[in-house]
Structure formats: structure tokens, C-alpha cells
Amino acid sequence: KPRLYSGMQPSADSLQAGNYIGALLQWRDMQASYDAFFSVVDLHAITVPQQPEELREKTRRTAAQYIAAGIEPSKSTLYVQSHVRAHAELAWILSTITGFGEAGRMTQFKDKSQRYGSDATSVGLFTYPVLMAADILLYQSELVPVGDDQKQHVELTRDLAERFNSRFGETFTVPMPVIQKDTARIYDLQNPTAKMSKSAESDAGVLWLLDDLAKSAKKIMRAVTDNEGSVHFDRENKPGVSNLLTIYAALTGRQVGSIEDEYAGRGYGDFKKGLAEVVVNEFGPVRERANELLSDPAELDRILAANAAKADAVADATLADVYDRIGLLRRV
Ligand code: ATP
Ligand code: MG
């Protein structure tokens, strides 16, 4: 089976609707046909200010949500990034073939560093995409399913793989991003031109996977729309309604057109009520299953340890090859 790699940061207690629609739903469907590696990327989460006790808890919670959403740790390799030391080691090697200007063009860095100011922005946030390249290349991954906010990072990964291969000989598989076009980006409910994010400054427009269901319904009812009162898709002029339509379609597997037809001549109130019901039906069982898994953290930790061992085996083989090729003296 072809290899597939993807991951999410444990940057909040709960994942958000964009993570679920833009990533988890694809992962779940792809795991049968691929040798999939799904990581909770805790080393990425420490590139911004964080609380150690909370990080541990968020890491478990993120893993639990993967499983609750249908990732099976017996079929896929579901592990915590820091458990596999090769990630940090390969990131160092790759940083030595990454151009400073090349890294400086990454828009995620520009967005996130703006929030923290230059003194609170770490070098780790700058080299984040290099660590992500290491994550992907360690497993000789062919496919990387991500939301389109991560497309630029996967392109950098491809460039680094090609550069390494041409300088030091064929070592890495050059990966392809997989981005589901219509649902690639879910926007903030209060600010529908900004992407929905776990680490948004305000959570008023973030739909959390594990939130109280009544609270999620309320957030949908309060979502920003427009004055037109007509339910149709127009990203340019109706970003709020278009975003709600995207979420509706993604969670029901329906076409946007059929949802527009259903709500023709009805107001936004009806439409939002309909969407709230869809969200509650979809997130409710995931939330329940996640909470069940979190009630036995020791068992969850055992699953993660066994999967980290599977990941180690593949990652160590790649790293040994890399060390040889760049001329590091072998320890005998
Ligand atoms: P953070 O704010 O901490 O960066 P995030 O919500 O952006 O968190 P990540 O952990 O960075 O989430 O990304 C996990 C996966 O979810 C990636 O594949 C990313 O492309 C996808 N993703 C994140 N936000 C969205 C979104 N709004 N729409 C679609 N996909 C998304
Ligand atoms: Mg992100």
C-alpha cells in the first residue's frame, strides 16, 4: 500500500470544524487504501507559547479525537511526534539545505509571527515548515492530505526532497499534497474571510468538535451572514452564508445546490437551524466516543506507545540512510 502522512497540532483541548472537515474526514476514508501515519505533532505545538501541563492533556485529547473520528490505531499508525526522535534529528539535517529566504516566504509564519511580535516569535516558529518536511519525508510518504492552508508547506517539502536527492542521491520519495477542493478551507463563523483555527484570538467563531452541543448550535445561530436573506453560494459577496453551506454540504455529503434548493425562499434562521441539527448529529457521537477514550488515559497511552514503535522502525531506517549520504561518520 502507498504511504500517507498527516498530522495535527495539540494546540487546543478540542479540534475545530475545519480540522474535522478539511482533514479528519479524508484521513478516515483514506486509511483503508493506504499505509497511513497520523501524528499528533506536539513538537510543532511548542513553537508558540504554551503551558506544559496543558500540552500533555491536549496531546491525549487530540489523539482521542482522531480515534473517535474513525482513525483505527490497528489499521493506521497513530502516534505522538515527540515519541519518535527521528523527527527532530531529520529536521536539523533538512534545515541545513533550506534557504533562509525560502523559509521566510511561508505565509503561516508571517500570519502567526505578527500575532506575537518579533521578540516573542521563536526561531522554532520560523523553522516549523522544515520540521513538517521531516515528518513527511521520514516515512517516504507519497500522499499528504491537508487543508489548503498547509499547501505551501507541502510544496517546500517537495523542493527539499528533490534538492536532497539531487545533491546526495535518491533518498526521499517526493510527496504530493491531497487537498479536497470544495471543503479545503472552513472559515471563522464571526470573521468568514479568516480561516477557522484552533488558536484563533477569539473563539466566538470557532466550532469545536468537543464543545457542548447547545453551545455549538448557538454559535451557528449567531454566525455572521448578510442582509440579502437568500441562501446561495457566493464566496465573494456572501462569505458567511457560503461558509455555512460548505460546512452543511461536507457533513451531509450533499451537493451545495441541493441545499440551496431546500432553503429557497426561507430565511437564514431556518437554514441555520437546519445546519445546527446537522452539526449536533455529526459531532455528538464523536464527542461521546472521545470522552469515553479519555476516561482511561492509561489505555490510550499504551495504544500510542505501541504505535510509536511501529513509526520508529520506518523512521530510523530513513534517518540512517540520510546520515550515511551526507557523510556523517557511522558510530560502530
Ligand atoms: P493552529 O491554529 O494551532 O495552527 P489549526 O486549527 O490551524 O491549529 P493545525 O493543527 O495547524 O490546525 O492543522 C491540522 C490540519 O487541519 C491541517 O491539515 C490543516 O490544513 C487542517 N485545517 C486547519 N484549519 C482548517 C480549516 N479552517 N479548514 C480546513 N482545514 C483546516
Ligand atoms: Mg494551523
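We count ligands from 1, going down the list as the structure has it; atoms in each ligand are counted the same way.
The aromatic ring centres of H87 and Y139 sit less than 6.0 Å apart. Separation of the F283 and Y20 ring centroids falls under the 6.0 Å cut-off.
Considering backbone and side-chain atoms together, G18 places an N or O closer than 3.5 Å to an N or O of ligand 1. For ligand 1, one of its N or O atoms has an N or O atom of K195 under 3.5 Å away. In terms of N/O distances under 3.5 Å, ligand 1 is approached by K198. Residue D149 has at least one N or O atom closer than 3.5 Å to an N or O atom of ligand 1. Considering backbone and side-chain N/O atoms, Q108 never comes within less than 3.5 Å of an N/O atom of ligand 1. In terms of N/O distances under 3.5 Å, ligand 1 is approached by Q9. For ligand 1, the polar-atom distance check finds an N/O of M196 within less than 3.5 Å of one of the ligand's N/O atoms.
Here Q16 has side-chain heavy atoms under 4.0 Å from ligand 1, and that is the only part of it that gets that close. Within the 4.0 Å heavy-atom criterion, the part of S11 lying near ligand 1 is the side chain and not the backbone.
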Which donor-acceptor pairs under 3.5 Å do the side chains of residues 109-119 make with protein atoms, sequence neighbours left out?
residue : atom : partner : partner atom : Å
S113    : OG   : F109    : O            : 2.6
S113    : OG   : K110    : O            : 3.3
R115    : NH1  : S199    : O            : 2.8

Scan the side chains in residues 325-332 for donor-acceptor partners under 3.5 Å anywhere in the protein, sequence neighbours excluded, and list what turns up.
residue : atom : partner : partner atom : Å
R325    : NE   : T171    : OG1          : 3.0
R325    : NE   : D321    : OD1          : 3.3
R325    : NH1  : F168    : O            : 3.4
R325    : NH2  : E170    : O            : 3.3
R330    : NE   : D324    : OD1          : 3.0
R330    : NE   : D324    : OD2          : 3.4
R330    : NH2  : D324    : OD2          : 2.5

field: Intermediate values then yes/no, side-chain contact (heavy atoms from CB on, under 4.5 Å), Q180 and I21
entry: CA-CA 10 Å; Q180 215 121 67; I21 292 167; over 6 Å; no
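Looking at Q152 and T107, their side chains do bring a donor and an acceptor atom within 3.5 Å of each other. Counted by atom type alone, T59 and D42 present zero donor-acceptor pairs between their side chains at under 3.5 Å. Side-chain polar atoms of D203 and W208 form a donor-acceptor pair below 3.5 angstrom.
The S197 neighbourhood of ligand 1 comprises atoms 2 (O), 6 (O), 7 (O), with distances under 4.0 Å to a heavy atom of that residue. Per-residue contacts place S199 under 4.0 angstrom from the following atoms of ligand 1 (heavy atoms of the residue considered): 1 (P), 2 (O), 3 (O). Distances below 4.0 Å separate heavy atoms of G22 from the following atoms of ligand 1: 29 (C), 30 (N). Close approach to R185 involves these atoms of ligand 1, each under 4.0 Å from a residue heavy atom: 28 (N), 29 (C). Per-residue contacts place G147 under 4.0 angstrom from the following atoms of ligand 1 (heavy atoms of the residue considered): 18 (O), 19 (C), 20 (O), 30 (N).
E102 places a side-chain heavy atom less than 4.5 Å from the side chain of L156.
Put simply, part of K112 is less than 4.0 Å from ligand 1, judged by heavy atoms.
Residue nearest to atom 27 (N) of ligand 1, selected from V206, V48, I186: I186 (by heavy-atom distance).
Between D212 and R287, the shortest heavy-atom contact is CA-NH2, 3.7 Å.
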